[in-house]
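These notes concern the structure reproduced below.
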Amino acid sequence: MNRREFLLSTVATGAMALAAPTAFAADKLTILGSVPNLGFPFFVHMLNEIKAEAQAQGVNLTESDGQNSAPKQTADIEAALVQKVNAIVISPLDVNALAPAIEEAVKAGVPVVTIDRRVDGVEGILAHVGADNVKGGEAEAQAMVAAFPNGAKLFHLQGQPGAGPAIDRNKGVHNVLDPLKDKYQIIFEQTANFARAEALSVTEAGLAANGKPDAIICANDDMALGALEACAARNFNDVKIYGFDALPEALVAVRDGKLAGTVEQFPGQQSRTAVQIAVAFARDKTEPKEKLVLLTPIVIGKDNLDKAERLNETK
């Protein structure tokens, strides 16, 4: 059985289920919106913004939840190609594992816009829209340095290996801290895979082995909130913890003084811009003004909560 026969048979058996509107208007374009995992609030927000912009643009949307599985997200892309979608907007789970499926889409003439997470080694992707995660990691580390001008010992919780944002945020943190390692010592550094429960257990292990740090830098808010829980259990309430994503729950924690800060990367703006680029090309071959659109993240603290994209969702 060749690859095309496999795809058709797989779709026919329903192995690649996509959430889609029950009926498509014949004169409307259809795009695929795919995110890595709807178990993460960040990606729920991102997909909601994709949906809102698709509606504003007057196009149908086929929704895909990668369920934290590169094979699942790959299968959803392949199913969408068989269904002849007009464009794909995707936040890929893994920068390498999704490359073959995205390359297949490009070769099939389907415009692909990646969002938040890039894909390595694929020529012909229409555009990438994301945050400059290296700058975001740098800003996060710089906020910690500003809070401890005389030096600090810190933990660093890294994101999911293979994910573009994790790679870039880690790079940004080290860009700032490595030249200052005599004053700012990373005494514990480990991945917690962007997951709150894992961050809780990883931080507990770090605390048991290394004692209390002055600060904890986390590659996303879920991990920051897990680290916060671990510190609170030991009454280490003065540890300054920094997150990344500006989730509503994290913004509340910043407002209440439980988190020192969180990095805003404007995922709604990313999502809407990606859909606009994809639809413009699918409709009339309008090329994007820029192939790489990177928004500059900022650190949100108590003093600039009004800059947070999702402040209106806080309670």
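The line from CG of Asp214 to OH of Tyr184 is 10.0 Å long, rounded to the nearest 0.5 Å. With rounding to the nearest 0.5 Å, the separation of CD in Glu53 from CG in Asn48 is 13.5 Å. Atom CZ of residue Phe43 and atom CG of residue Leu38 lie 9.5 Å apart, to the nearest 0.5 angstrom. Annotation: the span from Asn133 atom CG to Leu295 atom CG amounts to 10.5 Å, rounded to 0.5 Å. Rounding to the nearest 0.5 angstrom, the gap separating the CD1 atom in Ile31 from the CG atom in Asn86 is 9.0 Å.
Gln190 and His156 are not linked by any side-chain donor-acceptor pair at a separation below 3.5 angstrom, with hydrogens and angles left out of the test. Side-chain atoms of Gln160 and Asn193 include no donor-acceptor pair closer than 3.5 Å. Under 3.5 Å, the side chains of Gln276 and Gln57 contain no donor-acceptor pair of N or O atoms. There is no side-chain donor-acceptor pair under 3.5 Å between Gln270 and His128. A donor-acceptor pair shorter than 3.5 Å cannot be found between the side chains of Ser34 and Asp76.
Note on Asp65 versus Lys72: no salt bridge recorded, every NZ/NE/NH1/NH2 to OD/OE distance being 4.0 Å or above. In this structure, Glu249 pairs ionically with Arg196, as a charged nitrogen and a carboxylate oxygen lie closer than 4.0 Å. Here Asp245 pairs with Arg169 in a salt bridge; the nearest charged N to carboxylate O distance falls below 4.0 Å. Between Glu138 and Lys135, none of the side-chain N atoms (NZ, or NE/NH1/NH2) sits under 4.0 Å from a carboxylate O, so this pair counts as no salt bridge.
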Passes side chain to side chain donor-acceptor pair (under 3.5 Å), Asp132 versus Thr296? Steps please.
CA-CA 6 Å; Asp132 189 326; Thr296 300; 6.0 Å; no
I'd like to know whether Leu207 forms a side chain to side chain contact (heavy atoms under 4.5 Å, CB included) with Phe236, so could you lay out the CA-CA distance, the side-chain angles of the two residues, the decisive distance to 0.1 Å, and finally the verdict.
CA-CA 10 Å; Leu207 294 173; Phe236 293 164; 4.0 Å; yes
Before you tell me yes or no, could you show the steps for Lys107 and Glu104 under salt bridge (charged side-chain N to carboxylate O under 4.0 Å, His left out), namely the whole-Å CA-CA distance, both residues' side-chain angles and the distance that decides it to 0.1 Å?
CA-CA 5 Å; Lys107 287 181 178 178; Glu104 183 181 346; over 6 Å; no
Evaluation steps, salt bridge (charged side-chain N to carboxylate O under 4.0 Å, His left out), between Arg117 and Asp94:
CA-CA 8 Å; Arg117 301 177 174 202; Asp94 187 279; over 6 Å; no
Determine whether Phe188 and Lys153 satisfy the following criterion, side chain to side chain contact (heavy atoms under 4.5 Å, CB included), listing intermediate values before the conclusion.
CA-CA 9 Å; Phe188 179 77; Lys153 293 182 177 180; over 6 Å; no
Determine, stepwise, if the pair Lys28 / Val59 fulfils side chain to side chain contact (heavy atoms under 4.5 Å, CB included).
CA-CA 6 Å; Lys28 280 189 175 183; Val59 300; 5.8 Å; no
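Taking 4.5 Å as the limit, some side-chain heavy atom of Ile277 sits within range of a side-chain heavy atom of Val129. Here the side chains of Thr262 and Leu247 are not in contact, with every heavy-atom distance at 4.5 Å or above. A 4.5 Å side-chain heavy-atom check between Met223 and Leu200 finds every atom pair outside the cut-off. Residues Asn37 and Leu93 are not in side-chain contact: their nearest non-hydrogen atoms beyond the backbone lie 4.5 Å or more apart. Annotation: side chain of Ile217 is not in contact with side chain of Ile241 (no heavy-atom distance under 4.5 Å). Within the 4.5 Å cutoff, the side chain of Ser64 has heavy atoms near those of the Leu32 side chain. Side chains of Ile88 and Val113 form no contact here, defined as non-hydrogen atoms less than 4.5 Å apart. Taking the side chain as every heavy atom from C-beta outward, Val263 and Tyr242 never approach each other to under 4.5 Å.
Counted within 6.0 Å of CD on Gln55, heavy atoms from surrounding residues, nucleotides or ligands total 12 or fewer; the atom is thus considered open. The environment of NZ in Lys183 is crowded: more than 12 heavy-atom neighbours from other residues, nucleotides or ligands sit within 6.0 Å. Residue Lys171 qualifies as open at atom NZ: its count of foreign heavy atoms under 6.0 Å is 12 or below.
Qualifying side-chain hydrogen bond (donor to acceptor under 3.5 Å, both in side chains) partners for Ser69, counting only residues two or more places apart in sequence or in other chains: none.
Across all their heavy atoms, Leu47 and Gly33 have their closest contact at CD1-O, 3.9 Å.
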